[in-house]
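Worksheet: one structure, shown below.
A note on names: the letters A, B, ... follow the listed sequences, proteins ahead of strands, and every chain is numbered from 1.
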Amino acid sequence: MSAINLYDTATREVGKFTPIKAGEVSIYVCGATVQASPHIGHIRSAVNFDTLSRWLTKSGYDVTLIRNVTDIDDKILHKAAHEKVSWWALAMKYEREFTAAFEALNVAPPTYEPRATGHITQMIELMQILIDNGSAYAPGNGDVYLEVRKLKRYLTLSGQRIDGLLPAVDGDEVISKKRDPRDFALWKSAKPGEPSWPTPWGDGRPGWHLECSAMAHAYLGESFDIHGGGLDLIFPHHENEIAQSEAAGYGFAKRWMHNAWVTQSGEKMSKSLGNSLLVDVILQRVRGIELRWYLSSAHYRSMLEYSQSALDESAIAFRRIESFLKRATEITGSQPQAIIGKSFAAAMNDDLAVPAGLATIAENLRLGNQGITDADSAVITKNANEIRGALEILGCDPFDTHFATGSSTDLTQAMDGVVKLALAERASARERKDFAASDAIRDGLLALGITIEDTAQGPRWSMIEKS
RNA sequence: GGUCGGGUGGCCGAGAGGCGAGGCAAGGGACUGCAAAUCCCUCUACACGGGUUCAAAUCCCGUCCCGACCUCCA
């Protein structure tokens with residue numbers, strides 16, 4: 001396997017990736033806090049790490065990917081109370097929406113997808129270690145805090161200093177039992193009407209950060225290769241995960257990878273700005289495979305500035321590639337094999353440089369189309385194979401059964417027959433130079449969403465793809 | 001106030017000291033009855049001001065602008 005170079009947020013450098021165990025890669029990605037419907041920014045993160053996982057797998061590694069679901073937090077509880085539904089019903093509703101969005105975008109399921117509420121035992125064990133070794137304290141009201149000033153190091157990922165932080169505004173912790181305002185809650189005491197679990201320090205529920213440390217440890221052990229998530233998780237979430245885990249004596253993550261956001265007018269998507277683009281809504285405009293292509297097209301560390309025209313253009317560009325692959329299949333009589341081209345591999349090995357990979361796909365497309373013009377099946381096959389190989393890594397392989405359309409074979413065959421009847425009529429009209437008649441047939445088919453292309457091998461038809 | 005990113009051609013989007021990534025759009029050409037699709041050719045760039053260097057979009061200093069985080073966040 002060739003060397004893979006990846007960026008590490010901790011060092012802010014691209015460096016050679018060397019796993020802890022030869023041939024194996026362990027990854028923990030912060031998944032959804034299921035408090036609202038997924039927008040395309042959430043899904044971009046999942047797409048990026050899915051592509052990372054696919055590339056590592058293709059490179060010969062045995063990948064274990066853990067992507068959690070945080071199904072309890074302040075927002076879920078507040079929202080559930082406001083909507084007068086159970087917090088667990090609300091969490092499950094949105095978890096299903098995330099799952100459906102992942103499915104639609106061909107994000108492979110992680111090796112395991114642990115839920116926070118299923119790991120209370122592990123959280124209590126972790127807190128016990130932290131309290132026993134003096135890193136954490138329980139003021140007696142059911143809260144448990146991590147004492148950040150006792151840490152050997154803190155805020156190394158974000159490069160901040162404790163004293164540089166703005167004083168915390170303790171929302172629902174007005175009467176704070178904290179020794180220092182920067183201490184953060186591992187565990188929050190039970191409030192009336194809220195769920196709670198018993199602990200040696202009183203009834204309560206998890207704070208926001210504890211679950212990831214507990215679950216990463218449960219499934220990946222004390223040290224693992226890569227920890228991923230969105231850029232906005234660096235502080236406080238990831239800093240606090242590091243703080244808890246290292247204070248417990250764990251080595252924790254060897255490398256940190258963060259994906260950038262999808263922005264609009266330069267601003268990140270957020271519900272408060274009202275600029276969230278829900279996956280559901282976008283999928284009414286383009287197919288899942290096209291949305292994935294769009295979300296993959298920028299480098300994962302670059303902001304992706306959303307615009308409808310950019311999305312539309314991206315979808316059109318993808319259809320061109322798809323169309324070549326279909327024609328190549330028709331001409332050669334068999335589907336392309338997914339083969340990784342040299343330059344695509346080099347691009348991916350350079351911190352997943354997808355944009356550079358796209359350039360190689362563009363080159364393959366040009367050469368492949370030339371091959372069709374020249375009727376050179378060796379050239380067609382080579383380029384189609386390499387395109388399919390690249391698309392497979394990007395999760396955008398049109399031959400992937402995941403994207404198979406629901407239309408039955410019988411119906412497709414009948415359709416093919418009907419269109420061919422029309423094309424025969426058109427052919428005879430063209431022979432007698434009745435172009436008005438032949439164009440009327442073409443226009444009529446187009447109105448039904450069927451495009452006609454006259455190729456050297458005769459006319460071919462295709463449906464205009466819809467989501 | 002602290003910390004972290006960014007400003008590249010009409011648009012999108014890479015690159016991080018030396019040969020102008022790539023795509024879209026635009027213009028020209030080939031093919032076609034006309035189209036469509038495809039191919040070929042052409043064009044436009046590094047926020048600003050200094051500096052280092054044989055050589056700077058890339059490094060350094062300064063300025064301006066934009067965004068993010070500072071206990072809700074992908």
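- Ring geometry for A:Phe252 versus A:Trp256: interplanar angle of 30 to 60°, hence tilted.
- Between A:Gln160 and A:Ser158, the side chains place a donor N or O and an acceptor N or O closer than 3.5 Å (distance only, hydrogens not considered).
- Which of B:C39, B:A74, B:U3 sits closest to the side chain of A:Gln35 comes down to B:A74.
- Here B:A74 presents its P atom at 10 Å from CG of A:Asn259, a figure rounded to the nearest Å.
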TODO: Quick one, give me the B/S/- string for nucleotides 9-25 of chain B, reading 5' to 3', where B means a protein heavy atom under 4.0 Å from the base and S means that only happens at the primed atoms, P, OP1 or OP2.
DONE: ----SS------BSSS-

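- One can find a donor-acceptor pair under 3.5 Å joining the base of B:G2 and the side-chain atoms of A:Gln160.
- A distance-only check finds a donor-acceptor pair linking the side chain of A:Ser428 to the backbone of A:Glu425 [under 3.5 Å].
- Using a 4.0 Å heavy-atom distance criterion, A:Asn48 is classed as making no nucleic acid contact.
- Between A:His258 atom NE2 and B:C4 atom C1' there is a gap of 12 Å when expressed in whole angstrom units.
- For the OP1/OP2 pair of B:C39 and a distance below 4.0 Å, the side-chain nitrogens and oxygens of A:Asn369 include at least one atom meeting the criterion.
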Check nucleotides 33-35 of chain B for protein N or O atoms closer than 3.5 Å to its own N or O atoms and list the pairs.
{"from": "B:G33", "atom 1": "N7", "to": "A:Arg430", "atom 2": "NH2", "distance (Å)": "3.3"}
{"from": "B:G33", "atom 1": "O6", "to": "A:Arg430", "atom 2": "NE", "distance (Å)": "3.3"}
{"from": "B:G33", "atom 1": "N1", "to": "A:Asp439", "atom 2": "OD1", "distance (Å)": "3.0"}
{"from": "B:G33", "atom 1": "N2", "to": "A:Asp439", "atom 2": "OD2", "distance (Å)": "2.9"}
{"from": "B:C34", "atom 1": "O2", "to": "A:Arg442", "atom 2": "NH2", "distance (Å)": "3.0"}
{"from": "B:C34", "atom 1": "N3", "to": "A:Arg442", "atom 2": "NH1", "distance (Å)": "3.0"}
{"from": "B:C34", "atom 1": "N3", "to": "A:Arg442", "atom 2": "NH2", "distance (Å)": "3.4"}
{"from": "B:C34", "atom 1": "N4", "to": "A:Arg442", "atom 2": "NH1", "distance (Å)": "3.4"}
{"from": "B:A35", "atom 1": "N6", "to": "A:Asp454", "atom 2": "OD2", "distance (Å)": "3.0"}
{"from": "B:A35", "atom 1": "N1", "to": "A:Asp454", "atom 2": "OD2", "distance (Å)": "3.3"}
{"from": "B:A35", "atom 1": "N3", "to": "A:Arg442", "atom 2": "NH1", "distance (Å)": "2.8"}

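- If you take CG of A:Leu233 and C1' of B:C4, they are 15 Å apart, rounded to a whole angstrom.
- With hydrogens and angles left out, the side-chain atoms of A:Tyr94 and A:Lys79 include a donor and acceptor closer than 3.5 Å.
- Of the inter-residue distances, the one linking A:Thr111 atom OG1 with A:Leu65 atom CG reads 5.5 Å to the nearest 0.5 angstrom.
- Ring geometry, A:Trp55 versus A:Phe344: the interplanar angle exceeds 60°, so the pair is classed perpendicular (tilted spans 30 to 60°).
- Taking the P atom of each, B:G51 and B:U44 are spaced 28 Å apart, rounded to whole Å.
- Separation of the C1' atoms belonging to B:A14 and B:U3 is 27 Å when rounded to the nearest angstrom.
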Open item on the list: Output the pairing pattern of RNA chain B as a dot-bracket string, 5' first, Watson-Crick or G-U wobble with both distances under 3.5 Å, | for cross-strand pairs, [ ] for crossing pairs.
Closed with: (((((((..(((.....[...))).(((((.......)))))....(((((..]....))))))))))))....

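- Comparing the C1' positions of B:C54 and B:C59 gives a spacing of 16 Å, expressed to the nearest Å.
- The distance from atom CG of A:Asp163 to atom P of B:U3 is 13 Å, rounded to the nearest whole Å.
- Taking the P atom of each, B:G33 and B:G23 are spaced 29 Å apart, rounded to whole Å.
- If you find the closest nucleotide of RNA chain B to A:Ser158 and to A:Gly230, the one lying nearer the 5' end belongs to A:Ser158.
- Defined by atom type and a distance below 3.5 Å, a donor-acceptor pair is present between the side-chain atoms of A:Thr70 and A:Asn68.
- Considering only side-chain N and O atoms, A:Lys79 lies nowhere under 4.0 angstrom from the phosphate OP1 or OP2 of B:C72.
- As rounded to whole Å, 11 Å separates atom C1' of B:C39 from atom CG of A:Leu365.
- Contact check, A:Thr33 against B:C72: no side-chain N or O comes under 4.0 Å of OP1 or OP2.
- Taking the six-membered ring where the residue is Trp, A:Tyr154 and A:Phe184 present parallel rings, their angle staying beneath 30° rather than reaching 60°.
- No contact: A:Thr451 has no heavy atom under 4.0 Å from any strand.
- Between A:Lys75 atom NZ and B:A74 atom P there is a gap of 8 Å when expressed in whole angstrom units.
- Taking atom CZ of residue A:Phe324 and atom C1' of nucleotide B:C39, one finds them 13 Å apart after rounding to whole Å.
- Taking the P atoms as reference points, B:G27 lies 15 Å from B:A37, given to the whole Å.
- Between the P atoms of B:G67 and B:U8, the separation comes to 15 Å (whole Å).
- Relative to the ring axis of A:Phe102, A:Arg67 places its NZ or CZ within 45° and under 6.0 Å from the centre.
- A:Tyr154 has its OH atom 10 Å from the P atom of B:U71, to the nearest Å.
- For A:His258 and A:Phe49, the distance between ring centers is not under 6.0 angstrom.
- A donor-acceptor pair shorter than 3.5 Å cannot be found between the side chains of A:Thr332 and A:Thr381.
- There is no side-chain donor-acceptor pair under 3.5 Å between A:Ser189 and A:Asn141.
- If you take atom C1' in B:G6 and the same atom in B:A47, they sit 11 Å apart, rounded to whole Å.
- Looking at every heavy atom in both residues, A:Glu147 comes nearest to A:Arg179 through OE1-NH1, 2.9 Å.
- Note on A:Gly159: only backbone sugar-phosphate atoms sit closer than 4.0 angstrom, heavy atoms only; bases stay farther off.
- Relative orientation of the A:His238 and A:His227 rings is perpendicular, given thresholds of 30° and 60° on the angle between their planes.
- If you take atom P in B:C48 and the same atom in B:G9, they sit 10 Å apart, rounded to whole Å.
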